[in-house]
Amino acid sequence: MERTKVAELLRSTDFGKEVCVKGWVRTKRGNKNVAFIALNDGSIIHNIQLVADVAVFGEEALKPVTTGACIAATGTLVKSQGQGQTVEIQAKTIEVYGTADAETFPLQKKGHTLEFLREIAHLRPRTNTFGAVLRIRHHMAYAVHKFFNDKGFFCLHSPIITGSDAEGAGEMFRVTTLDMKNPPKNPDGSINYKEDFFGKESNLTVSGQLEAELGALALGLVYTFGPTFRAENSNTPRHLAEFWMIEPEMAFYDIKDNMDLAEEMLKYLIRYALEHCKDDLEFLNNMYDKELLNRLNSIAASSFQRLTYTEAIEVLKASGKKFEFKAEWGVDLQKEHENHLVDHFKKPVILTDYPKGIKAFYMKQNEDGKTVRAMDVLFPYVGEMIGGSQREENYDKLHARIKEMGLHEESLWWYLETRKFGTCPHSGFGLGFERLILFMTGMTNVRDIIPFPRTPKNAEF
RNA sequence: GUACGAGAAGCUCAUAUGGAUGAGCGGCUGCCUGUUAAGCAGAUGGCAGAAGGUUCGAAUCCUUCCUUGUACGCCA
């Protein structure tokens, strides 16, 4: 008999129908006469209840049906006699695919802390929480592609391995096939990378932006959605060494178009989640964060507060609040400052036109000679969600800035050539996918947002 | 990387000023004719992260290291 998913069975009113269901046992309870098995197959957060008459199956046959075991069952879909569910399956056959020794299976019926579940990341997808998070993560990934596709963007696959060391977004992971115990040396004792796989030093990418710009200057509207790697020793609930980033890049967009796109996209994604992840969001709302649904609904309906860095400094100064670090023009905003701004406006804030000294080389320089057309989107709950800018399209200005900042000009030759050949105004931004999911789920640590987190001192699984 | 906190039973935690280690849950055994993270009863289960040190005596005090949490920094 063909397997029917639990999600479908729970919607069905086809009572009397013979069905087959397969999944993992969450709990089994009952007495001498009847056993109730809560079965979950991952298709939905809810379980279906199997009712097994002990007289039919025999006590011994039901023994291996324990929490964590995988089974296939056939039976009749019936209206539940008990409370708590509308439909259930009166079981006729049960086949055990895989047992789970109750003494050693680490997931118990009662809840576990998220910290403990991180230690058993290979099994935590079987919990309600991670089922919900991972389903939401999937829907958000799909929604990102759908959003861009519907707007005429093309997905561009930027490289994972890069020979460029000038992206400037953080420390990089070296990629090499050289024998680390005995690397080939130059006469001066340094390592000879000419012997390495690519004939030069290479690393894992920290951003697909520069390549996305090349794509935008040919296809118009593009976006990347891929993994990025940063070897920073960042120990916070918002940082990972390996994370996923969405980086749209748009020809002919100025900073305002850029902001409009970022705001439209974020609201679209929130609405998409509210529409397609209802059960999972309700579970997370009840279990972790009672304000989750309110927050999602309110931000989907809000219009983001836009102001310049200079105006933000004024707001901070006028607040009269005592900050640990004084808010002063020219200094990068501290977390406490960002938090104050978001609290002050009570909605997402888009900050623009930062001092050029604290931003990356590729951002378009303003006429004032002091600021660049950067934009950061600050969100309640998670902080910096997006970082982006209008890009500097003028060759001379870009070149001067690269020299001024002491960057390795030669390795950026290809990037500079786009400004020589058919340059145009363009903009883009980077959205941290895990931070988006953090916001979307009400979870508090990105280690619980990605199936297998990579953080300093941790690459298990 | 900095600051502070935490590492004891499978899990979550009590163990007041250093003085024979405790509980709840899980798992196990038994009871209960439809249960809902079921209920009731019982037994089992740990030389307290690692290494040193102080002391008659250390889970408790000190040192170093490891792991982990939170805040901050780097950013997304």
Side-chain angles (χ1 to χ4, degrees), chain A residues 26-38 46-55 63 66-68 78 80-85 88 90 100-120 127-128 167-171 206-209 226-247 262 287 323-325 332-339 358-360 376-379 382-388 429-439 444-450 455-458 460:
Chain A
R26 284 294 169 78
T27 67
K28 183 179 73 173
R29 29 173 203 275
N31 53 45
K32 234 190 261 179
N33 306 296
V34 62
F36 302 97
I37 300 158
H46 305 297
N47 306 323
I48 189 136
Q49 174 160 283
L50 292 173
V51 184
D53 283 322
V54 178
K63 270 217 166 127
T66 58
T67 300
V78 295
S80 179
Q81 296 172 36
Q83 302 197 323
Q85 61 280 318
E88 63 188 23
Q90 187 66 47
D101 176 26
E103 282 198 37
T104 49
F105 184 63
L107 290 171
Q108 54 185 48
K109 298 177 187 179
K110 300 248 175 177
H112 291 290
T113 60
L114 294 169
E115 288 82 1
F116 173 68
L117 291 174
R118 276 173 217 150
E119 294 171 17
I120 49 166
T127 63
N128 284 334
E167 286 157 3
E171 288 298 312
V206 293
S207 163
Q209 180 199 315
T228 46
F229 309 86
R230 296 190 187 171
E232 301 285 350
N233 189 16
S234 296
N235 294 290
T236 86
R238 297 177 308 281
H239 290 84
L240 292 165
E242 175 182 292
F243 65 101
W244 290 70
M245 193 150 60
I246 297 137
E247 295 177 287
M287 295 299 286
F323 294 108
E324 195 180 338
F325 294 90
D332 206 359
L333 297 179
Q334 301 287 317
K335 196 86 196 303
E336 54 178 340
H337 302 141
E338 297 182 353
N339 290 344
I358 57 174
K359 287 292 181 184
D376 280 7
V377 181
L378 308 179
F379 251 55
V382 292
E384 186 174 345
M385 179 82 88
I386 279 179
F429 61 82
L431 166 69
F433 191 53
E434 280 72 25
R435 294 201 183 159
L436 174 76
I437 309 302
L438 207 58
F439 177 77
T444 54
N445 193 316
V446 284
R447 292 173 176 86
D448 303 322
I449 287 305
I450 191 165
T455 53
K457 300 282 184 295
N458 188 357
E460 194 68 50

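Proteins come first, then strands; the chains are lettered A, B, ... in the order of their sequence lines, and each starts at number 1. All values reported here derive from a predicted model rather than from experimental measurement.
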Considering only atom C1', compute the distance from B:U33 to B:G39 and round it to an integer number of Å. 15 Å
Between A:Ile450 and A:Glu434 the two heavy atoms that sit nearest each other are CD1-OE2, 3.5 Å
Relative to the 5' end of RNA chain B, which residue comes earlier, A:Leu240 or A:Val34, by the nucleotide with the nearest heavy atom? A:Val34
Is there a donor and acceptor pair closer than 3.5 Å between the side chain of A:Glu232 and the base of B:G73? no
Between the CZ atom in A:Phe379 and the CZ atom in A:Arg435, the distance rounded to the nearest 0.5 Å is 13.0 Å
Is a donor-acceptor contact shorter than 3.5 angstrom present between the side chain of A:His239 and the base of B:C75? yes
When we call it a touch if two heavy atoms are under 4.0 Å apart, what does A:Gly383 touch: a base, just sugar-phosphate, or nothing? nothing
Per the atom types in the model, does the base of B:C32 pair as donor or acceptor with the side chain of A:Arg29 at under 3.5 Å? no
List the steps and the verdict of side chain to side chain donor-acceptor pair (under 3.5 Å) for A:Arg238 and A:Asn445. CA-CA 6 Å; A:Arg238 297 177 308 281; A:Asn445 193 316; over 6 Å; no
B:A76 pyrimidine/purine six-ring stacking with A:Phe243, under 5.5 Å and 30°: yes
Rounded distance in Å - CD1 (A:Ile48) to P (B:U36): 19 Å
Establish whether the base of B:U36 is bridged to the side chain of A:Gln85 by a donor-acceptor pair shorter than 3.5 Å. yes
Can you tell me whether the side chain of A:Ser234 and the base of B:C75 have a donor-acceptor pair closer than 3.5 Å? no
Pick base, sugar-phosphate or nothing for A:Ser80, based on heavy-atom distances below 4.0 Å to the nucleic acid. base
Strictly below 4.0 Å: does A:Thr113 bring a side-chain N or O up to OP1 or OP2 of B:U12? yes
Using the C1' atoms only, state how far B:U54 lies from B:C61, rounded to an integer number of Å. 8 Å
Closest to the A:Lys109 side chain: B:A76, B:G27, B:U35? B:G27
If you check the A:Gln49 side chain, which of B:C11, B:U36, B:A38 turns out closest? B:U36
Are any of A:Lys32's side-chain N or O atoms less than 4.0 Å away from OP1 or OP2 of B:C32? yes
Would you say A:Asn235 places a side-chain N or O within less than 4.0 Å of OP1 or OP2 belonging to B:G1? no
A:Glu384 has its side chain closest, among B:A76, B:G34, B:U68, to B:A76
Would you indicate which nucleotide in B:G69, B:C74, B:G34 comes nearest to any side-chain atom of A:Arg447? B:G69
Shortest non-hydrogen pair, A:Gln85 vs A:Gln49, comes out as NE2-NE2, 3.5 Å
Worked check of side chain to side chain donor-acceptor pair (under 3.5 Å) between A:Arg230 and A:Thr228: CA-CA 7 Å; A:Arg230 296 190 187 171; A:Thr228 46; 5.3 Å; no
Per-residue pairing states of RNA chain B in dot-bracket (Watson-Crick or G-U under 3.5 Å; . unpaired, | other strand) read (((((((..((((.....[..))))..((((.......))))......(((((..]....))))))))))))....
Find the distance A:Phe325:CZ to B:U2:P and express it as a whole number of Å. 16 Å
What distance, rounded to whole Å, do you find between the two P atoms, one in B:C65 and one in B:G5? 16 Å
Mind calculating the distance between CD1 (A:Ile120) and P (B:U12) to the nearest angstrom? 10 Å
Distance below 4.0 Å between A:Asn445 side-chain N/O and B:U70 OP1 or OP2: yes
Could you tell me which non-hydrogen atom of A:Val54 sits nearest to which non-hydrogen atom of A:Asn31, and how far apart they are? CG2-O, 3.8 Å
Roughly how many Å is it from NZ in A:Lys335 to P in B:A76, rounded to a whole number? 14 Å
A:Glu103 atom CD is separated from B:U44 atom P, nearest whole Å, by 15 Å
Polar contact flag, side-chain donor to acceptor under 3.5 angstrom, A:Asn458-A:Arg118: no
Could you tell me how far B:G18 sits from B:U55 if I compare only their P atoms? Round to whole Å. 16 Å
Send over the distance from A:Arg118 CZ to B:G69 C1', rounded to a whole Å. 8 Å
Given atom CD of A:Glu115 and atom P of B:A6, what is their separation to the nearest angstrom? 15 Å
A:Leu50 CG to B:U36 P, in whole Å, measures 17 Å
Has the side chain of A:Arg26 got a donor or acceptor atom sitting under 3.5 Å from an opposite partner on the base of B:A37? no
Name the nucleic acid region contacted by A:Gly82, choosing base, sugar-phosphate or nothing; use a 4.0 angstrom heavy-atom cut-off, strictly under. base
Base, sugar-phosphate alone, or nothing: which one does A:Glu88 contact when heavy atoms must sit under 4.0 Å apart? base
Of B:A76, B:U35, B:C74, the nucleotide closest to the side chain of A:Thr236 is B:C74
Categorize A:Glu336 for me: base, sugar-phosphate, or nothing, with a 4.0 angstrom heavy-atom threshold over every strand shown. nothing
Donor-acceptor pair under 3.5 Å, A:Gln108 side chain vs B:G10 base: yes
Would you give the length of the straight line joining atom CD1 of A:Ile48 to atom NE2 of A:His46, rounded to the nearest 0.5 angstrom? 11.5 Å
List for me each residue that meets side-chain contact (heavy atoms from CB on, under 4.5 Å) alongside A:Thr444, sequence neighbours excluded, and say none if there are none. A:Tyr381
Output yes when at least one side-chain N/O atom of A:Asn233 is less than 4.0 Å from OP1 or OP2 of B:G1, else no. yes
Relative to the 5' end of RNA chain B, which residue comes earlier, A:Asn33 or A:Lys457, by the nucleotide with the nearest heavy atom? A:Asn33
Do any side-chain nitrogens or oxygens of A:Arg238 fall under 4.0 Å of OP1 or OP2 in B:C74? no
Output, in order, the C-alpha distance, side-chain angles, deciding distance and verdict of side chain to side chain donor-acceptor pair (under 3.5 Å) for A:Glu247 and A:Ser207. CA-CA 8 Å; A:Glu247 295 177 287; A:Ser207 163; 2.8 Å; yes
